[in-house]
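Here's the structure, in structure tokens; my notes come after.
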Amino acid sequence: MNKSVMIVGVGGQGTLLASRILGNTVISEGFDVKVSEVHGMSQRGGSVVTYVKYGDKVFSPIIEKGEADIILAFEMLEAYRAMTYLKKGGKIIVNTQEIDPMPVITGAMEYPQTIEKTLSEKVDVQFVDALSLAEKAGNFKAVNVVLIGVMAKSTDIPYEKWIETIKTTVPPKFLEVNLKAFELGYNL
Amino acid sequence: MKKLLLGNAAVAQGAYEAGVRVVASYPGTPSTEITENIVKYDEIYAEWSPNEKVAAEVAIGASIGGGRAMSCMKHVGLNVMADPVFTVSYTGVNGGLLFCVADDPGMHSSQNEQDSRHYAKASKTAMLEPSDSQECKEFTRRAFELSEKFDTPFFLRLSTRVSHSQSLVEIGNRQDDGLKPYEKSVPKYVMMPAMAVKRHVVVEERTKKLIEFAENCEFNKIEDNGSKIGVITAGISYMYAKEALGDKVNYLKLGMVYPLPEKLILDFAKTVDKLYVIEELDPFIEEHCKALGIDVIGKDAFTMLGEYTPAMIKKAVLGKDSPEFSEISETIPQRPPVLCPGCPHRATFYVLKKLGLVVSGDIGCYTLGAAAPLSSVDTTICMGASVSAALGMAKARGTEFNKKLVSVIGDSTFIHSGITGLIDIVYNKGANTVIILDNSITGMTGHQDNPTTGYTIRGEETKQVDLLALCKAVGVEHVTVADPFDLKNFEKVVKEEVERNEPSVIIAQRPCALLKRVKYTGHCTITDKCKKCKMCMKLGCPAISEGKDGNVKIDLTQCNGCGLCVNVCPFDAIKKED
């Protein structure tokens with residue numbers, strides 16, 4: 001049975017690194033894997049979605065509505081937008097950070113006020129203040145690795161495998177912060 | 001050894017293993033990472049060329065010189081390089097020659113949704129299309145052998161989901177058989193009419209041989225699952241079809257999309273009662289099948305628009321619905337891409353909007369200047385059109401209109417094809433004002449060096465094109481360098497230059513905020529002097545928004561302390577802190 005993990009956030013939040021850590025970890029477990037990324041214009045502060053699918057044999061790199069086992073959301077509105085992709089019985093892990101999109105900044109629309117309530121009612125959700133944890137780890141940019149830590153806990157993949165991949169995927173000068181960020185997420 | 005590789009990185013690996021010596025490209029999403037990955041291999045000469053046509057010609061020259069060569073581009077880049085392609089089809093190659101073209105169904109980062117397969121047919125060459133990273137590597141490697149065998153340039157057609165998906169690739173070693181001898185051959189390489197007439201005969205014969213090859217090659221495969229439903233498909237659509245339909249149908253997977261086989265398709269069609277062609281964008285394979293007299297279901301069941309999905313295929317072929325999901329019952333705000341915090345273009349557009357100018361736009365990050373609240377850009381067509389189209393607008397509407405008109409074009413795009421338009425303005429007595437948005441890098445595609453940055457693709461120092469001297473040299477007498485963050489002065493300069501009855505260029509100089517060497521520090525905060533006039537919010541900076549309490553706030557996780565908002569605040573209410 002293939003597993004589908006969707007990582008959503010705002011361009012610049014580090015979703016690509018998160019999907020690479022996840023991708024490299026699952027191949028070290030011997031799975032076939034596909035990671036689908038977004039580059040170019042949509043990365044410029046827009047909604048960013050990456051898909052990680054793994055299992056015996058993966059064909060399509062994309063995840064569709066009702067298919068994601070896990071959604072890792074870096075931002076509240078993006079979590080809400082991605083909710084339709086969650087499989088019945090799937091889980092969504094949400095960073096409680098709110099980033100206003102341009103239509104909200106210009107006053108054309110309002111940032112939805114009931115995201116927390118709606119998600120709690122409709123799906124299995126875990127809210128995490130990943131920004132505070134990242135700051136605690138030493139750099140607010142480590143939000144991505146905090147969230148990978150939270151997610152890692154709900155998979156069958158052993159703790160050591162994650163640590164190994166982080167060591168090989170993250171640039172050396174940010175390693176210490178990222179390892180700490182992972183711990184904080186994992187031990188939440 | 002297996003590695004998780006991006007499709008584009010796998011193409012680079014395939015080129016490396018094939019012993020490629022020269023790669024010349026112009027960046028363009030989703031093709032850019034092919035050439036960026038080539039840089040990892042010391043054995044290969046790599047360059048960012050000024051545009052795709054130059055890149056293709058460099059690769060063509062390398063091939064004629066006896067080395068295997070490659071050029072990579074996005075679909076619209078293929079339009080720019082089309083001229084040499086149609087003739088190098090006639091000359092054929094010496095060292096294997098491959099053009100990698102990445103289409104962008106769904107237009108994730110493009111201005112149109114063209115289907116590049118038509119180019120292979122129109123230029124009478126050949127085209128392979130991989131479905132995952134392993135095939136990217138393998139098809140690339142093989143394309144060089146086939147290019148030499150059939151004496152034709154080959155195309156490798158990619159699409160966003162193949163280029164930008166990572167999957168497992170078996171890594172091999174480089175095999176470099178050395179340069180082929182260079183022999184002068186006027187009949188083969190000098191395409192004047194007398195020679196070209198004879199080469200055209202060779203081209204038509206070659207296509208017949210390529211069709212024969214397509215009938216039996218390793219790229220075109222039948223998967224017989226004993227079904228009475230058949231699917232002919234290629235590229236990423238094959239993966240979607242496999243996901244959606246599994247072993248419920250028989251497949252003919254076409255890895256070679258031009259020329260297409262005839263007998264193979266006819267034979268496959270006979271084994272099934274119902275035959276679908278599943279291909280994104282144009283009915284390229286479908287029309288081929290229909291010309292063979294085969295009754296296929298293609299665009300009647302599927303769209304010509306955007307990307308396909310497994311769910312769409314499942315619904316069309318098996319009539320099955322998608323799994324259930326939790327609906328969102330309200331309309332929620334979209335999150336379109338925006339200019340980054342600290343972006344120098346934001347200041348330029350702020351001024352252009354304030355002055356109410358018509359802005360002839362171009363291709364790059366600054367296309368985002370069209371979006372609210374800056375809402376500044378009037379047109380975006382293709383690379384370079386900001387300059388030449390503005391001349392046309394001015395010629396059509398006259399002098400007074402021209403005084404309200406500017407072109408905006410990035411440094412890399414100006415070199416790509418803006419300079420020719422500027423020459424046109426000078427030569428044909430235009431009086432346009434062109435603003436070169438010089439952010440010292442090719443921004444949108446993820447920071448590639450270009451002739452104006454002074455560095456090569458490998459980061460080596462090189463001669464830097466002096467934009468000011470260049471503009472002067474083509475005959476523009478009024479060239480001003482100005483920092484757009486100095487809003488007052490920049491506004492003054494723009495006002496003066498548009499008033500002129502002669503051509504003028506403003507070089508808006510400030511580096512991209514994402515460059516490593518750009519060190520904005522600290523952040524900006526709103527003090528209690530704020531009168532809520534919201535002037536700062538007119539900048540469209542993603543870090544500045546209105547809080548739930550009605551106060552303007554700056555998000556410290558996004559603000560990089562560029563200080564532009566400090567410059568626009570009329571009440572001195574924004575303070576920069578360390």
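Each chain gets a letter, A, B and so on, in the order the sequences are listed, and its residues count up from 1. Heavy atoms only: backbone and side chains are in, while hydrogens, waters and symmetry mates are out.
The OG atom of A:Ser36 lies 9.5 Å from the NE2 atom of B:His164; values are rounded to the nearest 0.5 Å. Note that CE of A:Met109 and CD1 of B:Ile332 are 8.0 Å apart. Values are rounded to the nearest 0.5 Å. Atom CD of A:Glu64 is separated from atom CD of B:Glu243 by 8.0 Å, given to the nearest 0.5 angstrom.
No other option in B:Leu6, B:Asp132, B:Ile236 has as many heavy-atom pairs under 4.5 Å with chain A as B:Leu6. The candidate from A:Thr118, A:Val33, A:Asp32, A:Val52 with the greatest count of non-hydrogen atom pairs under 4.5 Å with chain B is A:Val33. Of all the listed residues (A:Glu67, A:Glu37, A:Arg81), the one sharing the greatest number of non-hydrogen pairs under 4.5 Å with chain B is A:Arg81. In terms of non-hydrogen atom pairs under 4.5 Å with chain A, the most contact-rich of B:Glu546, B:Glu307, B:Met537, B:Glu33 is B:Glu33. Top candidate by heavy-atom pairs under 4.5 Å with chain A, chosen from B:Met239, B:Lys548, B:Lys534, is B:Met239.
Residue B:Glu324 qualifies as open at atom CD: its count of foreign heavy atoms under 6.0 Å is 12 or below. Other residues, nucleotides and ligands contribute at most 12 non-hydrogen atoms within 6.0 Å of the CD atom of A:Glu110. The local environment of NZ in A:Lys3 is sparse, with at most 12 non-hydrogen atoms from other residues, nucleotides or ligands closer than 6.0 Å. Residue-environment remark: CE (A:Met1) stays at or below the threshold of 12 foreign heavy atoms within 6.0 Å. A:Asn187 CG: more than 12 foreign heavy atoms inside a 6.0 Å radius. Around the NZ atom of A:Lys122, the shell of radius 6.0 Å holds more than 12 heavy atoms that belong to other residues, nucleotides or ligands.
When all heavy atoms of A:Leu77 and B:Pro333 are compared, the pair lying nearest together is CD2-O, 4.0 Å. Looking at every heavy atom in both residues, B:Leu168 comes nearest to A:Phe31 through CD1-O, 3.8 Å. Residue A:Gly45 comes nearest to B:Val338 through the heavy atom pair CA-CG2, 4.1 Å, listed as atom of the first residue, atom of the second, then distance.
Between A:Ser47 and B:Pro336 the shortest side-chain heavy-atom distance does not fall below 4.5 Å. Contact annotation: the side chain of B:Ser165 never approaches that of A:Lys34 to less than 4.5 Å [non-hydrogen atoms, C-beta and beyond]. Proximity of B:Thr309 to A:Ser60: side-chain heavy atoms (C-beta onward) are nowhere separated by under 4.5 Å. In this structure the side chain of A:Ile62 reaches within 4.5 angstrom of the side chain of B:Tyr240, judged on heavy atoms. In this structure, B:Leu339 and A:Arg44 have side chains that are not in contact, with every pair of non-hydrogen atoms separated by 4.5 Å or more. Proximity of B:Ser167 to A:Val35: side-chain heavy atoms (C-beta onward) are nowhere separated by under 4.5 Å.
With a 4.5 angstrom heavy-atom cutoff, B:Lys553 touches chain A only via side-chain atoms. When heavy atoms are compared at a cutoff of 4.5 Å, B:Cys343 does not approach chain A at all. Neither the backbone nor the side chain of A:Thr50 comes within less than 4.5 Å of any heavy atom of chain B. Contact of B:Thr160 with chain A is not made at all, since no heavy-atom distance falls under 4.5 Å.
Under 3.5 Å, the side chains of A:Tyr80 and B:Glu330 contain a donor-acceptor pair of N or O atoms.
Residues from residues 84-107 of chain A that place a non-hydrogen atom less than 4.5 Å from a non-hydrogen atom of chain B comprise A:Thr84, A:Leu86, A:Lys88, A:Gln97, A:Glu98, A:Ile99, A:Asp100, A:Pro101, A:Met102, A:Pro103, A:Val104, A:Ile105, A:Thr106, given in numerical order. Identified by a heavy-atom distance below 4.5 Å to chain B, contributing residues of residues 141-180 of chain A are lacking entirely. Within residues 18-29 of chain A, the residues approaching chain B closer than 4.5 Å by heavy atoms are, in numerical order, A:Arg20, A:Gly23, A:Asn24, A:Ile27.
Scored by the salt bridge (charged side-chain N to carboxylate O under 4.0 Å, His left out) test, B:Arg335 finds A:Glu75, A:Glu78 as partners (sequence neighbours excluded).
Checked for salt-bridge contact, A:Lys65 and B:Glu327 miss the test: no charged N lies under 4.0 Å from a carboxylate O.
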